**Q** 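Dropping the structure in here first, questions after.
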Amino acid sequence: MTEPELAQEQLETHIEAFDHVSVAVKDIETSQPLISLIGGQRIAGGESRRGGFAWAQFSLPGGGKLELIEPVDADPENFLRRFINTRGEGLHHLTFKVHKLDEAVAAARRLGFTITGFDDSHPAWKEAFVHPRSAHGVLIQLAEFPEDHG
């Protein structure tokens with residue numbers, strides 16, 4: 001087995017499940033027609049513990065989750081405000097639940113991916129992002145969290 005094949009095999013064992021798709025919107029409440037169209041049922045939401053954005057998650061018929069995220073401060077440098085101003089509303093990231101964040105990040109780095117935003121400071125939600133420049137233009141969130149995290 002070649003080194004890239006070995007690293008790929010190791011990374012796959014770190015991914016527990018696909019968790020959700022996150023869509024950046026200007027306003028969660030005015031996005032309700034989309035949620036109605038797809039039959040989403042709100043299951044969780046709030047404001048980020050790091051601030052700067054609010055989120056709402058919806059379960060979808062047949063499985064899966066959709067998350068809407070919106071900027072909540074007026075700071076023009078807010079990451080989400082910059083994203084929407086540059087790219088418009090739309091797909092922001094894909095989230096994958098991992099068994100152990102540090103091991104998944106190490107495997108991703110071995111595969112040549114650039115990791116950004118590593119944060120393991122909160123025991124109930126540890127995360128890191130695979131930078132879109134190294135992932136075909138898609139921001140990928142790797143997250144470690146307990147099964148009952150809502």
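Since the model is a prediction, treat every value here as computed from it, not as a measurement.
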**Q** For Glu16 and Glu147, run side chain to side chain contact (heavy atoms under 4.5 Å, CB included): C-alpha distance rounded to whole Å, both residues' side-chain angles, the deciding distance at 0.1 Å, then the answer.
**A** CA-CA 11 Å; Glu16 188 173 327; Glu147 204 55 46; 3.5 Å; yes
**Q** Could you pull out the closest heavy-atom pair between Ser48 and Trp55, with the gap in Å?
**A**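 Reported closest heavy-atom pair: N-CD1, 4.1 Å.
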**Q** So, taking the atom named CG in Leu68 and the one named CZ in Phe53, what distance separates them when rounded to the nearest 0.5 Å?
**A** 12.5 Å
**Q** For Glu29, give me all partners under side-chain contact (heavy atoms from CB on, under 4.5 Å), at least two apart in sequence or on another chain.
**A**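 Applying side-chain contact (heavy atoms from CB on, under 4.5 Å) to Glu29 gives Asp27, Gln32, Arg42.
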**Q** Can you classify the ring geometry of His93 versus Phe129 as parallel (below 30°), tilted (30 to 60°) or perpendicular (above 60°)?
**A**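 Because their plane-to-plane angle is over 60°, the rings of His93 and Phe129 count as perpendicular.
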**Q** With rounding to the nearest 0.5 Å, note down the distance linking CG in Leu101 to CG in Asp120.
**A**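 That separation rounds to 7.0 Å.
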**Q** Hey, mind stepping through Val138 and Leu94 against side chain to side chain contact (heavy atoms under 4.5 Å, CB included) and telling me if it holds?
**A** CA-CA 8 Å; Val138 178; Leu94 304 177; 3.9 Å; yes
**Q** Are the side chain of Thr116 and the backbone of His131 linked by a donor-acceptor contact shorter than 3.5 Å?
**A**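 Side chain of Thr116 to backbone of His131: no pair is present.
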**Q** Once rounded to the nearest 0.5 Å, what's the spacing between atom CD of Glu103 and atom NE2 of His14?
**A**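 Here the rounded value is 5.5 Å.
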**Q** Going from CG on Leu139 to CZ on Arg133, what distance comes out if it is rounded to the nearest 0.5 angstrom?
**A** 11.5 Å
**Q** Using the ring pair (Phe, Tyr, Trp, His ring centres under 6.0 Å) criterion, which residues pair with Phe18? Sequence neighbours excluded.
**A**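 For Phe18 the ring pair (Phe, Tyr, Trp, His ring centres under 6.0 Å) partners, ignoring immediate neighbours, are Phe96.
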**Q** Side chain of Glu89, backbone of Val23: donor and acceptor closer than 3.5 Å?
**A**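 Judged by distance alone, no pair lies under 3.5 Å.
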**Q** Can you tell me how far the CG atom of Leu80 sits from the CD1 atom of Ile69, to the nearest 0.5 Å?
**A** 4.5 Å
**Q** Would Val72 end up clustered with Phe79 when hydrophobic side chains under 4.5 Å apart are linked, directly or stepwise?
**A**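 Shared cluster, no.
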**Q** For the residue pair Gly40 and Leu60, what are the closest heavy atoms and their distance?
**A** CA-CD2, 4.2 Å
**Q** Under 4.5 Å between side-chain heavy atoms, hopping through other hydrophobics if needed: is there a path connecting Leu142 to Phe113?
**A**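 Yes, one cluster joins them.
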**Q** Would you give the length of the straight line joining atom CZ of Phe58 to atom CG of Leu34, rounded to the nearest 0.5 angstrom?
**A** 9.0 Å
**Q** Mark yes or no for whether Lys97, through its side chain, and Phe145, through its backbone, hold a donor-acceptor pair below 3.5 Å.
**A**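 At least one qualifying donor-acceptor pair exists.
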**Q** Which atom names give the shortest non-hydrogen contact between Gly90 and Phe83, and what distance separates them?
**A** O-CE2, 4.2 Å
**Q** Quick one: closest heavy-atom pair of Pro123 and Ser121, and the distance?
**A**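 Minimum heavy-atom separation between Pro123 and Ser121: CD-O, 3.9 Å.
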**Q** Output, in order, the C-alpha distance, side-chain angles, deciding distance and verdict of side chain to side chain contact (heavy atoms under 4.5 Å, CB included) for Leu66 and Ile35.
**A** CA-CA 9 Å; Leu66 174 72; Ile35 301 307; 3.8 Å; yes
**Q** What are the two closest non-hydrogen atoms of Ala124 and Pro146, and how far apart are they?
**A** O-CD, 3.4 Å
**Q** Treating Glu144 as the side-chain partner and Lys126 as the backbone partner, does any N or O pair qualify as donor plus acceptor under 3.5 Å?
**A**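 Flag not set: sc Glu144 to bb Lys126 has no pair under 3.5 Å.
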**Q** Would you find a donor on one side and an acceptor on the other, under 3.5 Å apart, between the side chain of Arg81 and the backbone of Asp73?
**A** yes
**Q** Could you pull out the closest heavy-atom pair between Ser134 and Gly112, with the gap in Å?
**A** CB-O, 4.5 Å
